[in-house]
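To start, the structure itself, in structure tokens.
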Protein chains: 2
Amino acid sequence: MDAETDDIQRNKHPAREVDAIDRKILGVLVEDATISYAELGERVGLSPPAAHERVKRLKRSGAIRATSAIIDPRAVKKPLLAFVHIDTRGWGKTPELMAVSKFPEVEEIHTVAGDTCMLLKVRTEDTRALEGLLARLYDTPGVTSTRSYVVLSTYLERPVQPETTAEWPAPKHMATPVY
Amino acid sequence: MDAETDDIQRNKHPAREVDAIDRKILGVLVEDATISYAELGERVGLSPPAAHERVKRLKRSGAIRATSAIIDPRAVKKPLLAFVHIDTRGWGKTPELMAVSKFPEVEEIHTVAGDTCMLLKVRTEDTRALEGLLARLYDTPGVTSTRSYVVLSTYLERPVQPETTAEWPAPKHMATPVY
DNA sequence: CTTGAAAAAACACATTA
DNA sequence: TAATGTGTTTTTTCAAG
């Protein structure tokens with residue numbers, strides 16, 4: 001097994017770090033991935049071939065997982081967004097429960113720490129469809145209860161941003177952590 | 001004011017409905033928006049110019065909101081995902097609270113119905129950064145408490161899907177709704 | 001909506017800095 | 001590692017039917 005195959009199995013090249021220019025590229029492509037390499041290069045201070053090379057590397061390394069069309073939920077008749085908390089008896093992550101990922105209405109499935117086991121993000125046409133999904137969940141062995149948070153308004157919803165906040169405000173009245 | 005300007009103000013062209021072919025196009029572009037119009041046309045049974053015309057219309061109408069690079073959170077040093085529930089005194093949606101959208105760590109802000117007022121999806125480098133964000137939230141006037149659900153594992157996370165489930169399983173032991 | 005031809009990119013090089 | 005320059009290929013785009 002060669003190094004490349006190994007890296008693919010690990011699902012990512014630990015490879016080269018994402019540097020400042022890479023972050024700028026990612027920032028641009030998150031906003032609009034349809035621009036030409038000429039324009040991308042211009043925005044980050046690189047020649048078109050250099051920009052192209054960077055993007056290819058970011059895709060190879062897995063930093064760019066995909067380039068996707070972002071759809072307006074209303075255009076595809078899915079105006080109702082909800083977050084569903086699921087409590088289970090025993091270990092929640094069963095194949096039966098994971099089967100809900102077959103429904104295109106289910107956009108996210110996470111296991112979480114807190115007063116609940118799992119968290120789903122679902123987008124449906126109406127409350128009727130949400131009820132159908134919840135009914136399906138209750139039919140799943142091990143599911144003891146669900147709590148749904150129906151979204152009234154969405155004020156922000158965006159993909160993963162490459163930027164990070166360098167300096168966080170020091171929590172007031174708080175002891176300094178050891179590390 | 002002409003019709004077109006009016007439509008733009010409404011932020012969408014009510015225009016032509018998204019038909020079956022449009023949905024197929026959206027389905028393909030959600031998976032991979034880098035393909036050529038030739039290939040897109042082939043996959044949905046259209047000529048390249050026809051496919052192009054459809055895509056242009058979907059973008060004009062706002063059905064396709066953007067074409068974005070989907071970034072691996074780990075590549076940009078944001079391995080920690082959390083959902084934060086915020087309880088507020090009075091009406092939660094204040095400008096001060098909305099200011100958190102300036103932090104690139106905050107990906108979603110929703111107002112919800114349920115036992116909490118607002119719901120945030122945040123992605124940070126570590127627990128320290130999450131604490132910094134929470135400290136910032138507590139500093140916001142009106143915020144009475146927060147509850148955080150730290151994601152242990154993500155099993156599914158995908159963009160809005162154009163498909164919808166036609167037939168939901170009829171909820172067992174449930175009376176038939178009037179409508 | 002299709003076919004077919006043009007214009008404009010993207011892409012793959014080699015060379016140089 | 002990136003810039004420049006060349007040529008080739010592909011894609012986009014605009015005709016006309």
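Letters A, B, ... are given to chains in the order of the sequence lines, protein chains preceding strands, and every chain is numbered from 1. These figures come from a predicted structure and were not determined experimentally.
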What are the two closest heavy atoms between Asp115(A) and Asp87(A), and how far apart are they? O-OD1, 3.6 Å
Per the under-4.0 Å heavy-atom filter, residues of residues 30-38 of chain B near DNA chain D come out as Ser36(B), Tyr37(B)
Could you tell me the separation between the CD1 atom of Ile64(A) and the CG atom of Leu29(A), rounded to the nearest 0.5 Å? 5.0 Å
Between His52(B) and dT13(D), is there a side-chain N or O to OP1/OP2 distance below 4.0 Å? yes
Take atom CD of Glu39(B) as the centre, draw a 6.0 Å sphere, and report whether it contains more than 12 heavy atoms from other residues, nucleotides or ligands. yes
Heavy atoms of Pro48(B) and Ala38(B) approach each other most closely as CG-CA, 3.7 Å
Can you give me the N/O atom pairs linking the protein to nucleotides 2-7 of chain D at distances under 3.5 Å, or say none if there are none?
| residue | atom | partner | partner atom | Å |
| --- | --- | --- | --- | --- |
| dA2(D) | OP1 | Arg54(A) | NE | 2.9 |
| dA2(D) | OP1 | Arg54(A) | NH2 | 2.1 |
| dA3(D) | OP2 | Ser47(A) | N | 3.0 |
| dA3(D) | OP2 | Ser47(A) | OG | 2.9 |

Glu157(A)/Arg123(A) ion pair, N-O < 4.0 Å: yes
Say whether, by atom type as modelled, one donor and one acceptor occur between the side chain of Arg65(B) and the main chain of Ile71(A) under 3.5 angstrom. no
Length of the CD-P vector between Glu39(A) and dT12(D), whole Å: 16 Å
Lys121(B)/Glu108(A) salt bridge by N-O under 4.0 Å criterion: yes
Go through DNA chain D and write down every stem, that is, every run of at least three consecutive Watson-Crick or G-U wobble pairs with distances under 3.5 Å, as range with range. C:1-5 with D:13-17, C:8-17 with D:1-10
Looking at Asp126(B) and Arg128(B), is there a salt bridge between them, counting it only when a charged N and a carboxylate O are closer than 4.0 Å? no
Looking only at side-chain N and O atoms, does Lys56(A) come under 4.0 Å of OP1 or OP2 in dA12(C)? yes
Any donor-acceptor N/O pair, Lys77(B) side chain to Thr164(A) backbone, under 3.5 Å: no
I want to know whether His85(A) and Tyr149(B) have ring centres closer than 6.0 Å. yes
Output the rounded distance in Å from CG (Leu40(B)) to P (dT11(D)). 12 Å
